**Student:** 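Before anything else, here's the structure in question.
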Amino acid sequence: MLLLLLTAAVLLAPVPRLTPTATSVPTGPDPVPAPTVPAVGRAWPVGVRPPILRGWEPPATTYGRGHRGVDLAAPAGTPVRAVAAGRVSFAGRVAGKGVVSVELPGTGDPSLRTTYEPVRATVKKGDEVEAGEVVGTVEATGSHCTETCVHWGLRRADAYLDPLSLLPPWLLRRGPSRLLPVLGVPLPS
């Protein structure tokens, strides 16, 4: 009984907010609180729990310094997947970088839009994509990271939001659940 209670407590505990680096905390005045984002994501854009090279750093002002997305480590050629189901709103090049944007219907008015770059698109504008469906591959050049990465962004109209907020807690967890022994209870023979 005690084991069931402990297991339930661990599984139902809130997941702490991911803070990959100390630099993900903005400096200066507190930014305007971000609107609520539904956890509609069903897959990471690359790999399974990829290393986060740089987290989301909301700017203090509209044109202020910050990082308007999340950089995920991924070697060139890695498949880039849609985080959630939606419609491709852009697939092309911007300032020499391959960019894919997917609008997520049913996420409010206006809808949320995810963006992935630098990506060699395998989809075109207007394509419907499912969560986890490949939308392109990581390009070898065009990244602003010190190593090859995918910059994953999230916007609602002109407001940049934390893309990690799209992922439900079960995708954010860092490892499998582990049951610990209960003190005073003999192990089965």
Side-chain angles (χ1 to χ4, degrees), residues 10-28 30-60 62 64-75 78-86 88-90 97 99-108 110-119 129-136 138 143-177:
V10 168
L11 292 175
L12 297 175
V15 175
R17 184 101 173 117
L18 289 179
T19 53
T21 64
T23 62
S24 63
V25 178
T27 57
D30 289 337
V32 176
T36 304
V37 173
V40 296
R42 295 295 172 255
W44 282 91
V46 291
V48 178
R49 293 184 193 94
I52 297 172
L53 301 176
R54 186 173 177 193
W56 184 65
E57 300 167 22
T62 303
R65 291 177 52 174
H67 189 239
R68 293 160 173 85
V70 174
D71 292 338
L72 305 173
T78 301
V80 178
R81 301 178 185 284
V83 172
V88 176
S89 57
F90 181 84
K97 297 180 188 180
V99 177
V100 174
S101 295
V102 178
E103 191 163 323
L104 310 177
T107 57
S111 296
L112 292 170
R113 184 175 70 238
T114 60
T115 303
Y116 314 95
E117 65 178 76
V119 174
V129 294
E130 294 297 321
E133 185 175 333
V134 174
V135 296
V138 177
S143 170
H144 60 255
C145 302
T146 56
E147 60 185 89
T148 310
C149 76
V150 167
H151 178 83
W152 172 32
L154 177 66
R155 288 178 72 173
R156 182 183 308 278
D158 292 332
Y160 290 92
L161 306 169
D162 183 1
L164 292 175
S165 62
L166 279 176
L167 299 178
W170 61 270
L171 269 177
L172 290 172
R173 289 197 180 101
R174 288 290 181 201
S177 298

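Bear in mind the structure is a predicted one, so any value in this text is a computation, not a measurement.
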**Student:** Any non-hydrogen side-chain atom of Asp71 less than 4.5 Å from a side-chain atom of Cys145?
**Tutor:** yes
**Student:** Donor-acceptor pair, distance only, cut-off 3.5 Å: does the side chain of Trp44 make one with the backbone of Gly132?
**Tutor:** no
**Student:** Please report the shortest heavy-atom distance between Pro105 and Gly86, naming the atom on each side.
**Tutor:**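 The answer is CD-CA, 3.7 Å.
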**Student:** Could you tell me which non-hydrogen atom of Ala74 sits nearest to which non-hydrogen atom of Val150, and how far apart they are?
**Tutor:** CB-CG2, 4.4 Å
**Student:** Please examine the side chains of Leu112 and Pro38, heavy atoms only from C-beta on, and report whether any two atoms are closer than 4.5 Å.
**Tutor:** yes
**Student:** Checking side chain to side chain contact (heavy atoms under 4.5 Å, CB included) for the pair Leu166/Leu154: CA distance, chi angles, key distance, verdict?
**Tutor:** CA-CA 9 Å; Leu166 279 176; Leu154 177 66; 3.7 Å; yes
**Student:** Taking the basic N atoms (NZ, or NE/NH1/NH2) and the acidic carboxylate oxygens, is any pair closer than 4.0 Å for Glu103 and Arg113?
**Tutor:** no
**Student:** Applying side chain to side chain contact (heavy atoms under 4.5 Å, CB included), run through Val129 and Val88 and close with a yes or a no.
**Tutor:** CA-CA 7 Å; Val129 294; Val88 176; 4.0 Å; yes
**Student:** If you define the side chain from C-beta out and look only at heavy atoms, does anything of Trp152 sit under 4.5 Å from Thr114?
**Tutor:**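 With C-beta onward as the side chain, the pair touches.
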**Student:** Show your working on side chain to side chain contact (heavy atoms under 4.5 Å, CB included) between Val100 and Phe90 and close with a plain yes or no.
**Tutor:** CA-CA 6 Å; Val100 174; Phe90 181 84; over 6 Å; no
**Student:** Do Thr115 and Ser101 have side-chain atoms, one donor and one acceptor, less than 3.5 Å apart?
**Tutor:** yes
**Student:** Looking at Glu147 and Leu53, what are the two nearest heavy atoms and their distance?
**Tutor:** CG-CD1, 3.6 Å
**Student:** Are any non-hydrogen side-chain atoms of Val83 and Tyr116 less than 4.5 angstrom apart?
**Tutor:** yes
**Student:** How are the rings of His151 and His67 set to each other: parallel, tilted or perpendicular (split at 30° and 60°)?
**Tutor:** perpendicular
**Student:** Could you tell me whether the side chain of Arg156 and the main chain of Pro110 form a donor-acceptor pair under 3.5 Å?
**Tutor:** yes
**Student:** Test Val37 against Asp162 for side chain to side chain contact (heavy atoms under 4.5 Å, CB included), laying out the working first.
**Tutor:** CA-CA 9 Å; Val37 173; Asp162 183 1; over 6 Å; no
**Student:** Do Ile52 and Val70 come within less than 4.5 Å of each other through their side chains, counting heavy atoms only?
**Tutor:**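 Yes, at least one pair of side-chain atoms sits under 4.5 Å.
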**Student:** Closest heavy-atom contact between Thr62 and Arg68?
**Tutor:** O-NH2, 3.2 Å
**Student:** What is the distance from atom CZ of Arg54 to atom CG of Leu72, rounded to the nearest 0.5 Å?
**Tutor:** 13.0 Å
**Student:** Heavy atoms, side chains only, cut-off 4.5 Å: are Pro58 and Tyr160 in contact?
**Tutor:** no
**Student:** Which heavy-atom pair separates Ala43 from Ala82 by the least distance, and what is that distance?
**Tutor:**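 The pair with the smallest heavy-atom distance is CB-O, 4.2 Å.
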**Student:** Can you name the nearest heavy-atom pair linking Val138 to Cys149, along with the distance?
**Tutor:** CG1-O, 4.1 Å
